[in-house]
Amino acid sequence: MIEQKFRQIFGSSPEVVVRAPGRVNLIGEHTDYNDGFVLPAAIDRAITYAGRRRAHRHVRAYSNDFQASVEFDLDDIQKAGENTWSNFLRGVSKFLEADGHRLVGADIAFGGDVPREAGLSSSAAVEVGATAFWNKLLGLGLDPVYVVKLSRRTENEFVGVPCGIMDQFISALGRRDHALFLDCRDLTYRHVPLRADVKIVVCNSGVKRALAQSEYEVRLKQCREAVEKIAAGTGRTVKSLRDVQPSDIEAAKSTMDNLLWRRAHHVVSENERTLEAVEVLQGGNVERFGELMNQSHESLRDDYEVSSKELDTLVVLARQQRGILGARMTGAGFGGCTVNLVRADAAESFAQAVADGYEKVVGLKSETYVCQASDGALISA
Ligand code: GLA
């Protein structure tokens with residue numbers, strides 16, 4: 001599809017094609033920027049890059065999703081005020097050059113089917129896709145974790161969104177039929193197999209994540225503040241909420257403002273839930289895994305306060321259906337999607353029933369996707 005578009009726009013075949021998937025997080029929400037644990041899976045929706053070298057240092061890029069083109073000079077890469085979709089590619093190119101990787105001009109077409117602003121990390125897919133594209137086109141032999149870090153740096157420093165590392169990590173290093181357990185402190189990871197008799201079903205609330213960025217920044221600050229307060233109380237080195245034990249958080253209850261305490265409590269309890277979730281998934285106990293997903297949602301709703309009326313409705317509807325094991329909001333929150341673990345034989349009817357129920361209650365259409373965990377950009381490349 002993108003290859004064909006490339007031929008149509010640039011008049012020849014691409015030299016390389018690279019595919020970077022979106023993601024859904026199964027559990028471990030708002031823990032990555034607290035040095036904690038996450039368990040996402042790459043989904044079978046992706047951004048594909050097709051491209052070919054040119055003789056000089058100009059990049060021509062076509063976005064199939066925006067049906068628009070830009071051109072920029074590798075010797076003078078600036079952030080664009082218009083066609084802001086091109087900033088991911090510009091930022092990645094700028095930082096690669098700054099790190100001493102000499103790029104060459106290229107014709108590039110890209111696009112895909114990861115819904116935008118739905119909490120499925122289309123931005124991370126665009127960034128990781130761009131980095132992986134240059135890596136493959138020029139045979140740079142980049143270390144996979146370097147690809148992840150450079151893609152995240154683009155989002156933080158060039159695009160200006162203060163995200164953690166989860167989304168770029170899974171887009172690069174996800175594996176088919178597996179979730180990825182990542183320790184966001186030391187970036188060690190392992191793939192955990194998903195059972196064939198359960199499916200991951202994503203339900204899109206259709207509500208864009210309007211408040212997500214400003215509230216995300218507020219949560220970041222609150223977590224830092226909570227760390228300072230708790231560190232003062234424990235007398236141990238507490239660098240992040242990762243270092244806070246469940247017993248510390250209980251002990252800190254009377255010493256802190258309740259709102260700050262609830263924020264910290266979510267993160268500390270979510271890390272515990274994620275560790276248990278990995279263990280039970282490995283042992284095949286999907287029932288317990290589902291319970292932990294349910295608890296994660298309650299914690300995000302009540303302690304961290306990043307859910308929404310629509311997400312809560314999707315979760316309530318999900319839990320009424322046959323075959324459901326667990327349901328929770330996924331991603332930053334304030335709109336976007338829920339993730340559901342459903343018995344495989346009930347997955348299609350589940351998706352339909354939730355979509356119908358949601359339309360009746362909320363008056364909005366919910367797109368639902370029965371997902372297949374997929375390979376990341378660096379796995380399939
Ligand atoms: C967004 C960010 C991630 C992570 C999640 C919440 O997706 O990009 O880094 O913080 O929110 O878990």
Side-chain angles (χ1 to χ4, degrees), residues 20-43 45 47 88 91 114-128 148-174 179-185 187 189 202 204-205 207-224 240-242 263-264 266-271 273-274 277 292-293 296-297 299-301 303-308 311 328-339:
R23 67 99 187 90
V24 63
N25 190 18
L26 300 181
I27 196 161
E29 213 66 84
H30 288 278
T31 48
D32 62 349
Y33 54 84
N34 290 300
D35 286 347
F37 305 107
V38 294
L39 187 71
I43 59 174
R45 288 177 167 249
I47 303 292
F88 303 103
V114 189
R116 278 194 301 277
E117 291 180 69
L120 298 176
S121 295
S122 61
S123 305
V126 174
E127 290 148 8
V128 168
V148 171
K149 287 184 174 168
L150 186 122
S151 303
R152 179 199 179 186
R153 186 175 158 211
T154 299
E155 178 102 23
N156 290 169
E157 296 173 26
F158 196 83
V159 179
V161 175
C163 62
I165 201 160
M166 167 172 69
D167 305 345
Q168 291 79 12
F169 211 102
I170 185 66
S171 182
L173 287 161
L180 180 143
F181 173 49
L182 171 67
D183 178 337
C184 298
R185 169 162 274 170
L187 303 186
Y189 65 97
V202 167
N204 189 344
S205 69
V207 179
K208 305 261 181 191
R209 303 162 303 136
L211 272 172
Q213 193 174 334
S214 57
E215 286 295 328
Y216 192 93
E217 287 171 25
V218 172
R219 296 301 179 282
L220 269 173
K221 283 203 198 98
Q222 289 169 336
C223 290
R224 275 194 220 118
S240 68
L241 288 174
R242 161 69 176 276
R263 302 298 189 249
H266 164 71
V267 176
V268 174
S269 62
E270 185 77 351
N271 276 331
R273 279 187 289 276
T274 306
L292 292 163
M293 289 175 77
S296 168
H297 184 76
S299 180
L300 288 157
R301 185 192 63 201
D303 277 351
Y304 219 59
E305 295 181 283
V306 290
S307 189
S308 69
L311 291 168
R328 56 180 288 275
M329 56 152 278
T330 187
F334 298 102
C337 293
T338 61
V339 57

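Each ligand, and each atom within it, is numbered from 1 in the order the structure gives. Numbering starts at 1 and runs along the sequence shown.
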Note to self: How far is atom 1 (C) of ligand 1 from the closest protein heavy atom, and which atom is that?
What the structure shows: D167 OD2, 3.8 Å

Checklist line | Check: H266 side chain, E29 main-chain N or O, donor-acceptor pair, under 3.5 Å | finding: yes

Next item on the list: Report yes or no: do R273 and S296 form a side-chain donor-acceptor pair below 3.5 Å?
Entry: no

Notebook entry, point to check: To which protein heavy atom is atom 6 (C) of ligand 1 closest, and what is the distance rounded to 0.1 Å?
Noted result: E29 OE2, 3.3 Å

Margin query: Show me which atoms of ligand 1 lie under 4.0 Å from any heavy atom of D32.
Written below: 3 (C), 4 (C), 9 (O), 10 (O)

Next item on the list: Decide whether the shortest distance between a heavy atom of R23 and an atom of ligand 1 is less than 4.0 Å.
Entry: yes

Check: Which ligand 1 atoms does G164 reach within 4.0 Å, using its non-hydrogen atoms?
Finding: 9 (O)

Notebook entry, point to check: Are the side chain of N34 and the backbone N or O of R242 linked by a donor-acceptor pair below 3.5 Å?
Noted result: no

Next item on the list: Answer yes or no: does an N/O atom from Y216 fall short of 3.5 Å to an N/O atom of ligand 1?
Entry: yes

Next item on the list: Return yes if some donor-acceptor pair links the side-chain N/O of T330 with the main-chain N/O of N25 below 3.5 Å, else return no.
Entry: yes

Checklist line | Note: E217-K221 ion pair, threshold 4.0 Å (strictly below) | finding: no

Item checked: Ligand-side contact atoms (ligand 1) for residue partner Y33, heavy atom cut-off under 4.0 Å -> 10 (O)

Item checked: ligand 1 to T31 polar contact by distance, N or O atoms, under 3.5 Å -> no

Item checked: Distance-only polar pair, side chains of R116 and S122, donor-acceptor under 3.5 Å -> no

Check: Is it true that a side-chain atom of N156 and a backbone atom of V161 form a donor plus acceptor pair closer than 3.5 Å?
Finding: yes

Check: What are the atoms of ligand 1, with element, lying closer than 4.0 Å to any heavy atom of M166?
Finding: 4 (C), 5 (C), 12 (O)

